[in-house]
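Since the structure is predicted, the reported quantities are computational estimates derived from the model, not experimental observations.
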Amino acid sequence: MHAIEISRTGGPEVQTYGEKPDPEPGEGQILVELAAAGVNFIDLYRREGRYPLPLPAVPGEEGSGVVLATGPGVSRFAPGDRVAWTTVLGSYASRVVVPEDKAIAVPDTIDLRTAGGVLVQGMTAHYLVNDSYPARAGDTVLVHAAAGGVGLLLTQLLKRRGVRVIGTVSTAEKEKLAREHGADEIIRSTGTGDLAAEVRLLTGGEGVHAVYDGIGAATFDASLDALRTRGTLVLFGGASGAVPPVDVMRLLWGGSLTLTRPYLEHFRATTEEFEWRAGEVFAGIADGTLRVTIGGTYPLAEAHRAHADLAARRTTGKLLLVP
């Protein structure tokens, strides 16, 4: 098989493409022929060393494909089944060994490439709107990077609930895309304006009920300042870097604010929860109420280019690697 491998942390260039021995599934595992691997910010964090990664290692944690073989004890899948998975390190490879409990069946109505790129971002958007801050009709919220993979899905889920969405984007092209997916107002995140002040202008001086922030260091202060009294900041990522330690008294002086830092694994902790969240995402795609935007498809050998484009914010929607 072919795979990307990392032997040291660093920039996109530390990812090398080459041949490796074909793996064999062990107890409770399935072997899958890759259709597509999703590219996520966590892949960048692991490559950079922000999140621990035992080296050398094959990166990537999300994908889809067709089951080639099953190991002892597997009961839910058989060769020929179409599956997708999340949080399986080693997914940047043409053949991937996947624990049975990390995989889910892909309905025939869903294209395998779409399935390979929607689970992480789709289930993230699902827990953000259902659990981290359960948005209600009439709320006004701020969504950072509204033209990104999570941002586009999150905006759609919020609009289905009757929520007013203010999105941040960096370009006219991204503004157009965010509006097409339901964003009511757009703020250009140029880095020179007062984001919180612009939010308050759009909310009659009150601020928003919640901010969904996957950017991190560059937006954290403005996100807190954009909240109304008893507002909630959902910090679910750190695309611009990790947020420094926070003085919790800022939450008091900001108006009894709530700050939460969720992680997908804690919201798909059981097979039942995994199937519920993924099932709702797949159902939305199948009935047309949830549009998935594939912003770029790269050969597996060019994982370095996908990482560079994602880090530079040159992309919209979801990026995929294909064999």
Closer than 3.5 angstrom, by distance alone: can the side chain of [X] be matched with the main-chain N or O of [Y] as a donor-acceptor pair?
| X | Y | result |
| --- | --- | --- |
| Tyr127 | His266 | no |
| Glu273 | Ala269 | yes |
| Arg76 | Glu100 | yes |
| Asp139 | Val163 | no |
| Thr114 | Ile110 | no |
| Tyr212 | Tyr133 | yes |
| Asp131 | Leu128 | no |
| Ser240 | Ala217 | yes |
| Gln156 | Gly182 | no |
| Gln29 | Gly26 | yes |

Quiz item: When Leu227 is tested against each of Leu259, Val199, Leu257 for side chain to side chain contact (heavy atoms under 4.5 Å, CB included), which residue passes?
Solution: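 Answer to the side chain to side chain contact (heavy atoms under 4.5 Å, CB included) test with Leu227 among Leu259, Val199, Leu257: Leu257.
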Would a hydrophobic clustering, with Ile, Leu, Val, Met, Phe, Trp and Tyr connected at side-chain separations under 4.5 Å, put [X] with [Y]?
| X | Y | result |
| --- | --- | --- |
| Leu320 | Leu310 | no |
| Val39 | Val88 | no |
| Val129 | Leu235 | no |
| Val74 | Val98 | yes |
| Val97 | Leu321 | no |

A quick test of your reading: do over 12 heavy atoms of other residues, nucleotides or ligands sit less than 6.0 Å from [atom1] of [X]?
| X | atom1 | answer |
| --- | --- | --- |
| Glu275 | CD | yes |
| Arg113 | CZ | no |
| Arg230 | CZ | no |
| Lys20 | NZ | no |

Quiz item: Roughly how far, to the nearest 0.5 Å, is OH of Tyr51 from CD1 of Ile42?
Solution: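 Here the interatomic distance stands at 6.0 Å.
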Quiz item: What distance do Leu158 atom CG and Leu154 atom CG have between them, rounded to the nearest 0.5 Å?
Solution: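 One finds 4.5 Å between CG of Leu158 and CG of Leu154.
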Self-check item: Nearest heavy atoms of Ser7 and Leu55, plus distance in Å
Solution: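 Where Ser7 meets Leu55 most closely, the heavy atoms are O-CD1, 3.8 Å.
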Exercise. Can you see which heavy atom on Val120 is nearest to which on Glu62, and at what distance?
Key: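 Heavy-atom minimum between the residues: N-OE2, 2.8 Å.
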Quiz item: Where do Arg164 and Asp184 land on the salt bridge (Lys or Arg N to Asp or Glu O under 4.0 Å) test, with the steps shown first?
Solution: CA-CA 6 Å; Arg164 181 188 180 207; Asp184 299 284; 5.7 Å; no
Check this for me, if you would: do [X] and [Y] make a salt bridge, where the nitrogen-to-carboxylate-oxygen distance has to be below 4.0 angstrom?
| X | Y | result |
| --- | --- | --- |
| Arg179 | Glu185 | no |
| Arg250 | Asp221 | yes |
| Glu13 | Arg305 | no |

Side chains of [X] and [Y] only: does a donor on one sit below 3.5 Å from an acceptor on the other?
| X | Y | answer |
| --- | --- | --- |
| Glu265 | Thr87 | yes |
| His144 | Ser223 | yes |
| Asp309 | Thr315 | no |
| Glu61 | Asn40 | no |
| Ser91 | Trp85 | yes |
| Thr293 | His181 | yes |
| Ser170 | Arg188 | no |

Quiz prompt | CA sep, side-chain torsions, deciding dist, call: Leu224, Val211, side chain to side chain contact (heavy atoms under 4.5 Å, CB included) | solution = CA-CA 8 Å; Leu224 276 181; Val211 178; over 6 Å; no
Quiz item: Where does the angle between the aromatic ring planes of Tyr17 and His2 fall among parallel (under 30°), tilted (30 to 60°) and perpendicular (over 60°)?
Solution: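 Parallel, since the angle between the ring planes stays under 30°.
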Quiz item: Parallel, tilted or perpendicular for His307 and Tyr92, by the 30°/60° rule?
Solution: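 Answer is perpendicular, since the angle exceeds 60°.
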Exercise. List the steps, then state whether salt bridge (Lys or Arg N to Asp or Glu O under 4.0 Å) holds for Arg228 with Glu206.
Key: CA-CA 5 Å; Arg228 65 175 59 198; Glu206 290 189 346; 3.0 Å; yes
Exercise. Would you check, one step at a time, whether the test salt bridge (Lys or Arg N to Asp or Glu O under 4.0 Å) holds for Asp213 with Arg261?
Key: CA-CA 10 Å; Asp213 188 345; Arg261 178 57 174 95; over 6 Å; no
Exercise. Could you please spell out the steps behind the side chain to side chain contact (heavy atoms under 4.5 Å, CB included) verdict for Val66 and Leu112?
Key: CA-CA 9 Å; Val66 176; Leu112 267 180; 3.9 Å; yes
Practice problem: Take Leu290 and Val281 through the test side chain to side chain contact (heavy atoms under 4.5 Å, CB included) and record every step on the way to the result. | Solution: CA-CA 8 Å; Leu290 194 62; Val281 171; 4.2 Å; yes
Self-check item: Residues Glu280, Arg277; criterion salt bridge (Lys or Arg N to Asp or Glu O under 4.0 Å); working and verdict
Solution: CA-CA 5 Å; Glu280 292 214 339; Arg277 290 198 196 279; over 6 Å; no
Quiz item: Considering the options Phe274, Trp276, Phe236, which one meets the ring-ring contact (aromatic ring centres under 6.0 Å, His included) requirement together with His126?
Solution: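 Exactly one option meets the ring-ring contact (aromatic ring centres under 6.0 Å, His included) with His126, and it is Trp276.
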Quiz item: Does the side chain to side chain contact (heavy atoms under 4.5 Å, CB included) test come out yes or no for Leu142 and Val165, once each step is laid out?
Solution: CA-CA 6 Å; Leu142 178 66; Val165 176; over 6 Å; no
